[in-house]
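We use all heavy atoms of the structure for the numbers below, so side chains are in, but hydrogens, waters and symmetry mates are not. On a predicted model such as this, the values are computed, not experimentally measured, just so you know. Order of appearance sets the numbers: ligands from 1, and atoms from 1 within every ligand.
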Amino acid sequence: DWSNLQLRRRNLARRHCGPKQHTDNFAQIGSVATFEATELVQTLKQITKTSAAPVNLKPLLMSTAMNMFSNYMCNIRFEESDPEFRKIVDYFDEIFWEINQGYAVDFLPFLAPFYKKHMEKLSHWSHEIRSFILSRIVDQRETTSSFHDTESPEKDFLDGLLRVLHDDPSVDRNTIIFMLEDFLGGHSSVGNLVMLCLTAVARDPDVGKRIKVEIDSITKGKRAVTLTDRPSLPYTEATILEVLRYSSSPIVPHVATENAAVAGYGVEKGTIVFINNYELNTSTKYWNEPEKFDPSRFLEKSKIRVRRNSLCDSGMESDGERNGPIDKTREVEKEIVSVRKNIPHFLPFSIGKRTCIGQTMVTTMSFVMFANIIQEFDVAAVSKDDLRQKPACAALPKDTYPLYLLPRK
Ligand code: HEM
C-alpha cells in the first residue's frame, strides 16, 4: 500500500524508530537503553541478594523492554510494581506469543467462526492495552501545558504522531493511536529476544564465558555497557544474530506488484510470495553446520593499519603526533575482529522498501540489555531439558522457565 498515508507513516516512524547512527535519536536510544538496563540489573541484584532460588526472569525483561520503548518514544516510564503497567506488559506478551503461532485462520479468514473464543481473548487484551495507552500516555501528554506550543521542536515519536493528527484533518485519531500501540508493542520482540539469548547462554556456558571476557576487556567491570561499546564487543553482538538466525519467521508475505521473473520462474502480478527466512537460515547451502549454535559464524577478521603509538589502550594520540605529517614507517598492521555485515542470505528483518522499521531499536536495545545482564551475572538452567524453544519462532510463552542468576564476584 503506497498511499500517502502509508508513506507518511513510514517516514515518521523511520525518523524516530529507525534512526541512522550518529543522529540525536540514535544517541537517545543508547542512553535510554543503558538507563533501563542499569535499573534492571539493580532489581536483579536485590532479588539474588535475598534468595538463591531461580529467577522468574521473563516478566522483568518484558517490563524493562517496555520502559525502554515508552521512555524513548513517549518520555514516560512506569514502575515494575504498578499493577496496571504489569498487566498490559503481560497482555502484550500474550498477544506476541499468539501471533507467532501461525494459526490456520491467519491465512484462511473464513475459519474465523471456529476461532471465536480465541478472537475474544485477543480482543479483550487489545481493549485493555488501548485503555492504558489512552489514559496513561496520550491523555497525560495532551494535558501538559507545553503540548500546544507547536513552535517548539518535536519532542519524541508521540509528539510527532499527535502533530500529524493536529495538522492533517484527513488522518483519524484511531490510525494514530493504533500506530503508537503497534510500535510500543514492538517491545515484546526485544524482551523475548533477550530471553532467548540468555537461554542460549544457559545452554552453552562457553558462550557466556566468551562474552564476559570480551565485556571485561572493555568496561573492566567498572561501568555499565553502553551502545557505543558495540563495535568493541563483536562476539556479544554475534550471539544475538545467531539467536535471530534460529528464530526468524519463515513467513514474510509479499505481493508481486508487477509481472516478474525470479531465478527463471515467472511470477505474475498479484501473486503472493513468501520469503522463507527459516530455510535461508538453516540450509547447508549457505551455512556450515547450520544446526550448531555458533556465534563466531558472524565474525570476520580483517587487517587495518594503525600508528604504532595508537596501539595503546587509551586511544589518545599526543598533539605532536596528530599535527605532524603522516609517517608511514610508524604504521603497523593490526588484526581486528568485527561482525560480518551484509550477508546476502541473512535477512531476519527482510530487505527492500518494506524492510522492518524497528530493526535499529531491536538490535540496539537487546544488545544493551543482554550485555549488561551477562556482565553482572552467570546464567544457568535449572535443567537444560526445560529450555524448550520452537524453531523459527521468536516468542516464548508468557510463563516460561526460570533461570539461575549468580552474581559475579
Ligand atoms: C526480533 C524482532 C523483529 C524482527 C525479526 C522483525 C522482522 C520483520 C520483518 C521480517 C518484517 C517484514 C518486512 C517485509 O515485509 O519485507 C518486518 C516489518 C515491520 N516491522 Fe519488524 N521485526 C522485529 C521487531 C520490530 C519492532 C520492535 C518494530 C517496531 C518498533 C517493528 C516494526 C516493523 C514495521 C512497522 C514493519 C512493517 C514495515 C512496513 O510497513 O513497510 N519490528 N519486521
Visitor: Take atom CD in Glu258; do more than 12 heavy atoms of anything else shown fall under 6.0 Å from it?
Guide: no
Visitor: Is it true that Lys341 and Glu300 make a salt bridge, defined as a side-chain N closer than 4.0 Å to a carboxylate O?
Guide: no
Visitor: Which ligand 1 atoms does Gly186 reach within 4.0 Å, using its non-hydrogen atoms?
Guide: 27 (C)
Visitor: Going by the angle between their ring planes, with limits at 30° and 60°, are Phe92 and His187 parallel, tilted or perpendicular?
Guide: perpendicular
Visitor: Counting only heavy atoms, tell me which of Phe157, Phe69, Phe183, Phe349 gets closest to atom 29 (C) of ligand 1.
Guide: Phe183
Visitor: Which atoms of ligand 1 are found less than 4.0 Å from any heavy atom of Val252?
Guide: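 Within the 4.0 Å cut-off of Val252, ligand 1 contributes 10 (C), 12 (C), 14 (C), 15 (O), 16 (O).
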Visitor: Run the numbers for me: atoms of ligand 1, each under 4.0 Å from some heavy atom of Ser189, listed by number.
Guide: 2 (C), 24 (C), 27 (C)
Visitor: Please verify the inter-ring angle class for Phe157 with His16; under 30° counts as parallel, over 60° as perpendicular, anything in between as tilted.
Guide: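 Judged by the thresholds at 30° and 60°, the geometry between Phe157 and His16 is tilted.
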Visitor: Closest by any non-hydrogen atom to atom 28 (C) of ligand 1: pick that one out of Ser366, Gly352, Gly358.
Guide: Gly358
Visitor: In terms of atom number and element, which parts of ligand 1 are under 4.0 angstrom from non-hydrogen atoms of His254?
Guide: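 Listed by number with element: 14 (C), 15 (O), 16 (O).
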Visitor: Which bit of His187 is near ligand 1, meaning a heavy atom under 4.0 Å away: side chain, backbone, both or neither?
Guide: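 Looking at His187 and ligand 1, no heavy atom falls under 4.0 Å.
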Visitor: Quick check for you: to the nearest 0.5 Å, what is the distance between Phe69 atom CZ and Met365 atom CE?
Guide: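 These two atoms lie 5.5 Å from each other.
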Visitor: Assign the ring pair Phe85 / Phe132 to parallel, tilted or perpendicular, where the plane angle (0 to 90°) is split at 30° and 60°.
Guide: tilted
Visitor: From the options Pro253, Cys17, Cys356, select the one whose nearest heavy atom is closest to atom 9 (C) of ligand 1.
Guide: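 The option holding the nearest heavy atom is Cys356.
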Visitor: Can the positive tip of Arg130 be found less than 6.0 Å from the middle of the six-membered ring of Trp125, inside 45° of the ring normal?
Guide: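 Arg130 over Trp125 ring: no.
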Visitor: May I ask you to check whether Arg354 has an N/O atom sitting below 3.5 Å from an N/O atom of ligand 1?
Guide: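 It does: an N or O of Arg354 is found under 3.5 Å from an N or O of ligand 1.
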Visitor: Non-hydrogen atoms of Pro348 versus ligand 1: any pair closer than 4.0 Å?
Guide: yes
